[in-house]
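Contents: one structure, followed by commentary.
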Amino acid sequence: MTQTFDALFENARFADGTSGAIAVDAGRIAAIGEAARGATVRTVVDLGDTLVVPGFVEGHIHLDTSFYGDAWKPHKPCTAGFDVHERVEFQRQNMATAAPMDERARSQLELCISHGTTHMRSHVMVDGTVGLKPLETILAVREQYRDVIDIQLVAFPQNGILACPGTAELLDAAFDLGCDVIGGLDPASFDRDVKGHLDIVFGIAEKRGVPIDLHLHDGHLLGIFQIEEIAARTRALGMEGKVVVSHAYALGDVSADILARTADKLAAAGVAIMTNAPGDHPFPPVLALRKAGVTVFGGSDNIRDSWWPYGDGDMLGRAMMIGYRSGFYTDQELAAAFDAVTEAGARALGLESYGLRVGAPADFVALEAAHVPEAVVAVPGGRRAFKAGRAVTTDGKLLQRTTRTA
C-alpha cells in the first residue's frame with residue numbers, strides 16, 4: 001500500500017552531489033533522495049535544482065541588546081584598549097535610550113530568520129541590575145515566533161555573579177520561567193574568583209539539569225587556566241557534551257603546544273567552543289581544534305550593539321567570515337566553515353534531531369550554488385527557507401512573521 005505524505009519537494013541537489021526529492025509528513029522528513037520518488041503526496045514543491053542544506057544554526061546571539069531596527073548608536077571606543085567592564089557600562093548607557101526591547105528583538109530575529117536560520121541560542125541578561133524583566137520580554141518574543149524558529153535562551157550574568165549581589169538567586173529563578181541554559185562571564189577577570197563563579201554556574205546546572213554556556217574573553221594563560229578548569233569540572237560532573245565556552249580568545253594567542261594540550265582536555269570533556277571570528281581579537285584555531293576532536297561552531301554574537309556596529313544575522317555569511325579569517329581555501333576547509341553553522345552548531349546546542357535525514361524536522365534552505373564550498377564563498381541571496389516543511393522565507397523575505405493572535 002502506497003503511503004501518502006503531506007508534501008514532496010522535488011529537484012533538490014544535496015551536498016554529496018546527488019539529486020532527488022524530500023518527502024515531508026507531519027513536519028518531518030519521511031523519505032529523502034531516491035526513496036522519496038514516486039510517493040503519493042498532497043502538495044508538490046519544485047526546488048528548481050537548487051542546493052538544499054539543513055537550516056542554519058545561530059549558536060550565539062543577544063536578542064535583548066541589539067539596536068538593529070532602532071536609531072543608529074555611534075560606537076564608543078574603550079579608553080585604554082578592550083575592557084569588558086567598560087563595554088558593559090557603555091551598553092547600560094545605550095540601553096537607557098533604546099527602543100523597547102521586544103521591538104528590537106523582533107527586528108533582529110526576523111533578520112536572522114530571513115537568511116535561513118531555523119535554530120538559535122540567545123543569551124539574555126539576568127543579574128542584579130536588571131532582574132528577570134529582559135528574560136520575561138524575550139520569552140514572550142520567543143513564543144510569538146515558535147512556529148518559524150526554535151530558540152534556546154541562556155541566563156546570562158552580564159554584570160558578573162559574585163560582583164553583582166542577588167544575581168545567583170536570579171539565575172536560578174530564571175529556570176522557573178522557562179530558561180534553557182545557564183551562562184557565565186569571565187570568572188577570573190570579572191568576578192575575580194574562578195572557583196566561586198564556577199561553583200554557582202555548575203551548581204545551578206546540576207540542580208536544574210541544564211547545559212552550560214560561558215562567555216570567556218580572558219586571553220593568554222589566564223584564559224587557558226579557566227578553560228582547563230571548566231573542562232575538568234565538566235568531566236568530574238559527567239557533563240560531557242553539555243558545556244560550551246563561547247569566544248575562548250585565549251586559544252588563539254598561545255603556543256602550539258599549549259593549544260594542543262588544552263584541545264585534548266576539551267575533547268576529552270566534550271566541551272564545545274563557539275567563535276564568531278571577530279576582527280579585532282585572536283580567536284580559536286578552528287582546524288586544530290577540530291583535528292583534536294573538539295566541536296567548534298559559530299554565532300553572530302552581537303549585531304549593531306554597544307560592542308560593535310557590525311553583523312547582519314546571516315550564518316552563511318558567518319561561515320564565510322570564519323573561513324576568511326582562518327585562511328581557509330580548499331574545499332575541505334570551506335566545508336569545515338559550513339559545518340560550524342550547521343551540524344557542529346546542532347551538536348553544541350544538543351539538538352537531538354537535526355539535518356537532512358529521515359525522522360528529522362523538515363528544516364532546510366534552498367540555495368543558488370553548485371555546492372557547499374561555493375555557497376560559503378559566494379554567500380548567495382535569494383534563498384528559500386522551510387521550517388517543518390512550511391515555507392518561511394523566499395528571496396530573503398519572511399512569508400510568516402509570528403504566531404501572534406489578534
Pair Val141-Leu63, side-chain contact (heavy atoms from CB on, under 4.5 Å): steps then yes or no: CA-CA 10 Å; Val141 172; Leu63 287 174; 5.6 Å; no

Thr342 and Val53: side-chain contact (heavy atoms from CB on, under 4.5 Å), yes or no, with the steps? CA-CA 9 Å; Thr342 52; Val53 299; 5.7 Å; no

Under 3.5 Å, is there a donor-acceptor pair between the side chain of Arg383 and the main chain of Leu367? no

Does a side-chain heavy-atom distance below 4.5 Å link Pro211 with Val244? no

With a 4.0 Å cut-off on N to O distance, would you call Arg28 and Asp6 a salt bridge? no

Salt bridge (Lys or Arg N to Asp or Glu O under 4.0 Å) evaluation trace for Arg87 with Asp305: CA-CA 10 Å; Arg87 294 250 59 90; Asp305 70 350; over 6 Å; no

Return a table of donor-acceptor pairs under 3.5 angstrom between the side chains of residues 372-381 and protein atoms on other chains or two or more places apart.
{"residue": "Glu374", "atom": "OE1", "partner": "Ala370", "partner atom": "N", "Å": "2.6"}

Close side-chain approach of Thr234 to Met239, heavy-atom, < 4.5 Å: yes

Is the NZ atom of Lys76 crowded by more than 12 outside heavy atoms at less than 6.0 Å? yes

Enclosure of Arg235 CZ (heavy-atom neighbours >12, cutoff 6.0 Å): no

Under 3.5 Å donor-acceptor, Asp213 side chain and Gly183 backbone: no

Closer than 3.5 angstrom, by distance alone: can the side chain of Glu58 be matched with the main-chain N or O of His60 as a donor-acceptor pair? yes

Quick one: are Met315 and Val57 in side-chain contact, heavy atoms under 4.5 Å? no

Please check if atom NE2 in His220 has more than 12 non-hydrogen atoms from other residues, nucleotides or ligands closer than 6.0 Å. no

Once rounded to the nearest 0.5 Å, what's the spacing between atom CG of Asp49 and atom CD of Glu10? 12.5 Å

Provide the closest heavy-atom pair for Ala188 versus Val194 in the form atom of the first, atom of the second, distance. CB-CG2, 3.7 Å

Short question: side chain of Ser114, backbone of Leu111 - any donor-acceptor pair under 3.5 Å? yes

Is Ser300 reaching over with its side chain to a backbone N or O of Gly311, donor-acceptor style, under 3.5 angstrom? no

For Ile182 and Val201 the tightest heavy-atom approach is CG2-O, 3.9 Å

Near Tyr310 OH, under 6.0 Å, is it more than 12 heavy atoms from other residues, nucleotides or ligands? no

Got a donor-acceptor contact below 3.5 angstrom from the Asp186 side chain to the Ser189 backbone? no

Ring centre gap for Phe156 and His62 strictly below 6.0 Å: yes

Separation between OG (Ser107) and CD1 (Ile303), nearest 0.5 Å, reads 11.0 Å

Measuring only between side-chain heavy atoms, which start at C-beta, is Thr167 closer than 4.5 Å to Val126? no

How long is the gap from OG1 on Thr275 to CG on Leu289, to the nearest 0.5 Å? 9.5 Å

Residues Val271 and Val294: closest non-hydrogen pair is O-CG1, 3.6 Å

Asn276 versus Asn302: any side-chain heavy-atom pair under 4.5 Å? no

Before giving the answer on side-chain contact (heavy atoms from CB on, under 4.5 Å), spell out for Ile212 and Lys242 the whole-Å C-alpha distance, their side-chain angles and the decisive distance to 0.1 Å. CA-CA 6 Å; Ile212 294 171; Lys242 296 181 179 179; over 6 Å; no

Counting distance only, does the side-chain N/O of Glu333 pair as donor-acceptor with the main-chain N or O of Tyr329 below 3.5 Å? yes

Whether Asp16 side chain and Thr18 backbone form a donor-acceptor pair below 3.5 Å: yes

Minimum heavy-atom distance Ala288-Leu259, with the two atoms named: CB-CD2, 4.0 Å

Less than 4.5 Å apart, any side-chain heavy atom of Gln158 and any of Leu185? yes

Under the criterion salt bridge (Lys or Arg N to Asp or Glu O under 4.0 Å), I'd like the reasoning laid out for Asp102 against Arg106: C-alpha separation, chi angles, the key distance, then a yes or no. CA-CA 6 Å; Asp102 61 334; Arg106 285 196 293 269; 3.5 Å; yes

For the residue pair Leu287 and Lys291, establish whether any side-chain heavy-atom pair is separated by less than 4.5 Å. no

Determine, stepwise, if the pair Asp193 / Lys195 fulfils side-chain contact (heavy atoms from CB on, under 4.5 Å). CA-CA 6 Å; Asp193 184 347; Lys195 181 181 183 301; 4.0 Å; yes

Does the side chain of Phe90 come within less than 4.5 Å of His75's, by heavy atoms? no

What verdict does the salt bridge (Lys or Arg N to Asp or Glu O under 4.0 Å) test give for Arg208 and Asp176, after you've listed the backbone C-alpha separation in whole Å, the side-chain angles of each residue and the deciding distance to 0.1 Å? CA-CA 9 Å; Arg208 296 290 186 166; Asp176 292 327; 2.9 Å; yes

Whether His281 and Tyr249 hold their rings parallel, tilted or perpendicular, with breakpoints at 30° and 60°: parallel

Point-to-point distance, once rounded to the nearest 0.5 Å, from CD of Gln152 to CE of Met120: 11.5 Å

Keeping the roles fixed (side chain from Asp191, backbone from Ala163), state whether a donor-acceptor pair exists under 3.5 Å. yes

Gap between atom CG of Asp218 and atom CZ of Phe190 - 0.5 Å precision: 10.5 Å

What heavy-atom pair brings Thr4 and Asp25 nearest, and what distance separates the two atoms? O-OD1, 3.8 Å

Exactly one of Thr117, Asp150, Asp147, Ile149 should register a side-chain contact (heavy atoms from CB on, under 4.5 Å) with Lys387. Which one does? Asp150

Can you name the closest pair of heavy atoms from Ala360 and Ser353 and give their distance? CA-OG, 3.1 Å

Nearest 0.5 Å, please: how far is OG1 in Thr262 from CD1 in Ile224? 4.0 Å

Between Phe56 and His115, is the gap from one ring center to the other below 6.0 Å? no

Picking from Phe386, Phe9, Phe5, what satisfies side-chain contact (heavy atoms from CB on, under 4.5 Å) with Ile22? Phe9

Would you say the side-chain atoms of Gln226 pair up with the backbone N or O of Leu222, donor to acceptor, closer than 3.5 Å? yes

